[in-house]
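Take a look at the structure set out below.
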Amino acid sequence: MPLYTSKSVLLGLTALFSAAAFTASADEISTFTKGGAAIGGTDPVAYFTDGKPVAGSDEFTAEYDDVTWKFSSAENRDKFVADPAKYAPQYGGFCAFGAAMGFKVPVVPEAWSIVDGKLYLNNSLKVQERFEEDVPGYIRKATLNWDIIKEKNPGDLKEPIIRD
């Protein structure tokens, strides 16, 4: 049983964005980038092939959605280039739970899951636990919210979007 509530997680996500002082270029609006690469340089294909997050390399990169993606091997890069929609994380690589609340929250590579062949990332292992309490419900909410928040700067999202 978690020691936190929906409200405390929501307040934490709100505080994260209120405190965040970063600027996003146009390509970073709909895709989470850190250090100049999508999902912080983590190889998105490795979640599917290795079953874990693996750091990408500057040696193996590709452009997709106007963002640089890094890969741990040429083979993973080529798989991604052949079918980026299969490997790119949902909600532009932003936190799935955060998107369900109406926010674009940075992620950590260790908080992830593959559901129905799609990659979902989250902000922390604690948030991942929360996401796993109702995966179909949070995915449904995040998907509905993504249409609203996709083209908005993460720092401009101040109010949660609550859907029942």
Side-chain angles (χ1 to χ4, degrees), residues 2 4-45 47-48 53 56 62-70 80-81 83-164:
Y4 51 89
T5 65
S6 295
K7 189 173 184 177
S8 66
V9 171
L10 186 58
L11 289 173
L13 291 173
T14 303
L16 175 67
F17 273 113
S18 297
F22 65 91
T23 59
S25 64
D27 57 359
E28 295 171 325
I29 297 296
S30 62
T31 305
F32 171 67
T33 62
K34 181 178 176 186
I39 58 174
T42 303
D43 179 343
V45 176
Y47 288 102
F48 295 88
E63 294 294 314
Y64 172 66
D65 241 2
D66 297 324
V67 176
T68 299
W69 297 75
K70 294 185 178 185
F80 184 86
V81 168
D83 192 357
K86 177 178 180 177
Y87 297 105
Q90 301 302 294
Y91 319 121
F94 287 97
C95 176
F97 183 83
M101 299 298 127
F103 296 105
K104 289 171 135 178
V105 182
V107 296
V108 296
E110 304 79 22
W112 64 281
S113 56
I114 294 174
V115 179
D116 296 329
K118 296 181 181 191
L119 176 61
Y120 297 89
L121 302 171
N122 278 294
N123 177 258
S124 69
L125 293 175
K126 287 287 187 192
V127 171
Q128 179 73 22
E129 289 174 15
R130 179 64 190 206
F131 177 73
E132 290 173 352
E133 289 176 6
D134 182 13
V135 172
Y138 289 124
I139 289 174
R140 181 181 55 76
K141 290 175 186 177
T143 301
L144 290 170
N145 288 346
W146 190 244
D147 286 338
I148 297 168
I149 67 174
K150 180 179 181 179
E151 299 301 327
K152 294 187 179 183
N153 187 316
D156 292 341
L157 299 168
K158 306 283 187 206
E159 298 293 324
I161 300 171
I162 306 298
R163 297 181 186 264
D164 291 324

Decide yes or no on side chain to side chain contact (heavy atoms under 4.5 Å, CB included) for Val135 and Ser113, but give the supporting numbers first. CA-CA 10 Å; Val135 172; Ser113 56; 5.8 Å; no
When every non-hydrogen atom of Gly41 is compared with those of Lys70, the smallest separation belongs to O-CB, 3.7 Å
Sorted by chain and number, sequence neighbours left out, side chain to side chain donor-acceptor pair (under 3.5 Å) with Tyr120 holds for none
- Message: For Gly155, is there any backbone N or O sitting under 3.5 Å from a side-chain donor or acceptor partner on Asn153?
- Response: yes
Residues at least two apart in sequence or cross-chain that pass side-chain contact (heavy atoms from CB on, under 4.5 Å) with Asp134, listed by chain then number, are Pro136, Tyr138
To the nearest 0.5 Å, atom CG of Asp156 lies from atom CD of Glu151 at 12.5 Å
Assign the ring pair Phe80 / Tyr87 to parallel, tilted or perpendicular, where the plane angle (0 to 90°) is split at 30° and 60°. tilted
In this structure, CG of Asn145 is separated from CD1 of Ile161 (nearest 0.5 Å) by 4.0 Å
Smallest heavy-atom separation, Ala96 atom then Ala142 atom, equals O-CB, 3.6 Å
When every non-hydrogen atom of Pro44 is compared with those of Ile39, the smallest separation belongs to CB-CD1, 4.0 Å
Tightest non-hydrogen contact, residues Ala62 and Val81, listed as CB-CG2, 3.7 Å
**Report entry** side chain to side chain contact (heavy atoms under 4.5 Å, CB included) assessment of Ile139 paired with Phe131
**Finding:** CA-CA 9 Å; Ile139 289 174; Phe131 177 73; 3.9 Å; yes
On a heavy-atom basis, the closest approach of Cys95 and Val127 is SG-CG1, 3.9 Å
Hits for side chain to side chain donor-acceptor pair (under 3.5 Å) against Glu110, two or more places apart or cross-chain, chain-then-number order -> none
By side-chain contact (heavy atoms from CB on, under 4.5 Å), Glu63 pairs with (sequence neighbours left out) Thr68
All heavy atoms of Thr42 vs all of Pro53, minimum pair found to be CG2-CB, 4.0 Å
With sequence neighbours left out, the residues meeting ring-ring contact (aromatic ring centres under 6.0 Å, His included) with Tyr47 are Trp112
Value for NZ (Lys150) from CD1 (Ile29), rounded to nearest 0.5 Å, stands at 12.5 Å
Do Trp69 and Thr31 pass the side chain to side chain contact (heavy atoms under 4.5 Å, CB included) test, and can you show the C-alpha distance, the side-chain angles, and the key distance before you say yes or no? CA-CA 11 Å; Trp69 297 75; Thr31 305; 4.0 Å; yes
Notebook entry, point to check: So, do Phe48 and Leu119 sit near enough that their side-chain heavy atoms are less than 4.5 Å apart?
Noted result: yes
dist Gln90:CD -> Asp116:CG (nearest 0.5 Å) comes out at 10.0 Å
Asp43 meets the side chain to side chain donor-acceptor pair (under 3.5 Å) criterion, sequence neighbours left out, with Ser72, Asn76
(Q) So Phe103 and Pro160, do their side chains get closer than 4.5 Å, heavy atoms only? (A) yes
Rounding to 0.5 Å, atoms CZ (Phe97) and CD (Glu132) come to a distance of 12.0 Å
What's the verdict on side chain to side chain contact (heavy atoms under 4.5 Å, CB included) for Tyr91 and Thr143, showing C-alpha distance, side-chain angles and the deciding distance?
-> CA-CA 8 Å; Tyr91 319 121; Thr143 301; 2.8 Å; yes
